[in-house]
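Below: one structure, written as structure tokens.
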Amino acid sequence: MEHRLREMAEAARRALREATNLDELEQARARYLGRSGILRDIQQGIRDLAKELRPQFGRLINETRAELEALLEARRKELEAGQSRLRAAESAIDVTLPGRAQHIAGRHPLLATLDDMLEIFLGLGYTIAEGPEVENNYYGFEALNYPPDHPAMDEQMTFYIADDVLLRSQTSTVQIRVMETQEPPVRVVVPGRCFRRDTLDATHSHTFYQLEGLCVDEGITMADLKGTLLAFARGMFGEEARVRFRPDFFPFTEPSAEFAVSCFACSGEGCRVCKGTGWIELGGSGMVDPNVLAGVGYDTERYTGFAFGVGVERFAMNRYGIPDMRLLYSGDMRMLRQF
Ligand code: DAH
């Protein structure tokens, strides 16, 4: 029996020492020192020994158990230390690896276009004004000289939130807010979001940006309007750019004109960008209707003014060759990375 104990002890020492990880160590522990392990089995054999031999053998078993448990603990510590060293090595930074390229954010094409537009007007002595996106009928239509029930209001395809609460369909509303709070001379540009009940497709959006301009002073004429828009077109498209005016109608201007710029891609020859016409339509404009000036309390004998409004999306799409308006709102990095 003593022989069996010694053999077992030798095998156990070897197994503990040779365990290469904590799992193997645990297996060795269970096999030799566990509740139904071999040592326990040998211990049970004490019952079969002569009475006088039992104490001595019991002591031998206890010594063996103590020795093996000490060995087990020592080996466990060793393996644990090794494991955490391994983990540290795994998570260490490999300074020889090449770095990952970071994408540096660029300006969004829509806001880049708007910024460039504003820059030109700031250079002409304009200041920037802003106004609310949610308006009432007075600012939305009445103050802009829309007669009650005039069909031009339908053209605006306005979103109504309640009877007298609407989302502005044009930045022209801000003309009124600016003039209410300041006396001429007025020279402002108004960038802002507008909303219309339009279905989203390649060239339409229910939410879009406009840039509005307003200039009111003594002696302002249509020639000032043309000169200003020519300076704007040249600032955006280069010194070769020409502008064209054609009669139009807006309730808040009289006379009114739509304006276009000679195509920057073909200089007016006709191409894919301008759909063969040689011109790119930019927006509406005109001389501020005296009714509008009177409505805000301006002296219409003394002051005249011009106003204009351009869509920013169309501009950005032409400028960067973006074929679909929805790309501007998609947040798609494959598109945005190009800017
Ligand atoms: N608000 C007009 C639109 O959205 C554009 C416009 C036309 C603005 C004439 C003006 C203007 O300031 O004078 O279609």
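Here the structure is a predicted model, which means the values were calculated and not measured. Each ligand, and each atom within it, is numbered from 1 in the order the structure gives.
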Review point. Is there a donor-acceptor contact under 3.5 Å from the side chain of Thr304 to the main chain of Ile220?
Key: yes

Which ligand 1 atoms does [X] reach within 4.0 Å, using its non-hydrogen atoms?
{"X": "Gly286", "answer": "13 (O)"}
{"X": "Gln210", "answer": "3 (C), 4 (O)"}
{"X": "Thr253", "answer": "13 (O)"}
{"X": "Arg196", "answer": "3 (C), 4 (O), 14 (O)"}
{"X": "Phe250", "answer": "7 (C), 9 (C), 14 (O)"}
{"X": "Phe252", "answer": "1 (N), 7 (C), 8 (C), 9 (C), 10 (C), 11 (C), 13 (O)"}

Point to revise | Electrostatic pair Glu80-Lys77, nearest N-O below 4.0 angstrom | key: no

Report the nearest protein non-hydrogen atom to [atom]: residue, atom name, distance rounded to 0.1 Å.
{"atom": "atom 12 (O) of ligand 1", "result": "Glu212 OE2, 2.6 Å"}
{"atom": "atom 1 (N) of ligand 1", "result": "Gln170 OE1, 2.6 Å"}
{"atom": "atom 8 (C) of ligand 1", "result": "Gly309 N, 3.3 Å"}
{"atom": "atom 7 (C) of ligand 1", "result": "Gly284 C, 3.4 Å"}

Side chains of [X] and [Y]: do they bring a donor and an acceptor to under 3.5 Å?
{"X": "Asn145", "Y": "Asn291", "result": "yes"}
{"X": "Tyr329", "Y": "Glu313", "result": "yes"}
{"X": "Gln27", "Y": "Tyr32", "result": "no"}
{"X": "Gln170", "Y": "Gln210", "result": "no"}

Check your understanding: Short N/O distance, under 3.5 Å, between Ser169 and ligand 1?
Key -> no

Review point. When only distance counts, is Gly213 in polar contact with ligand 1, meaning an N/O pair under 3.5 Å?
Key: no

**Study point:** Within-4.5 Å side-chain heavy-atom neighbours: Tyr160 and Val165
**Key:** no

Check your understanding: Do Glu69 and Leu33 come close enough that some side-chain heavy atom pair is under 4.5 Å?
Key -> yes

Exercise for review: Only heavy atoms count here, so choose which of Ser285, Ala307, Gly305, Ser172 is nearest to atom 9 (C) of ligand 1.
Suggested key: Ser285

Exercise for review: May I ask you to check if Arg177 and Tyr139 form a cation-pi contact, with NZ or CZ under 6.0 angstrom from the six-membered ring centre and within 45° of the axis?
Suggested key: yes

Exercise for review: Compute the minimum heavy-atom distance from Gly283 to ligand 1 and say whether it is under 4.0 Å.
Suggested key: no

Exercise for review: State if Gln175 counts as touching ligand 1 under the rule of any non-hydrogen atom under 4.0 Å.
Suggested key: yes

Practice item. Check Phe264, Tyr209, Phe237, Tyr320 against Phe315 for a ring pair (Phe, Tyr, Trp, His ring centres under 6.0 Å) and give me the one that passes. Key: Phe237

Revision key, fill the gap. Contact region, Phe306 to ligand 1, non-hydrogen atoms below 4.0 Å, reads neither

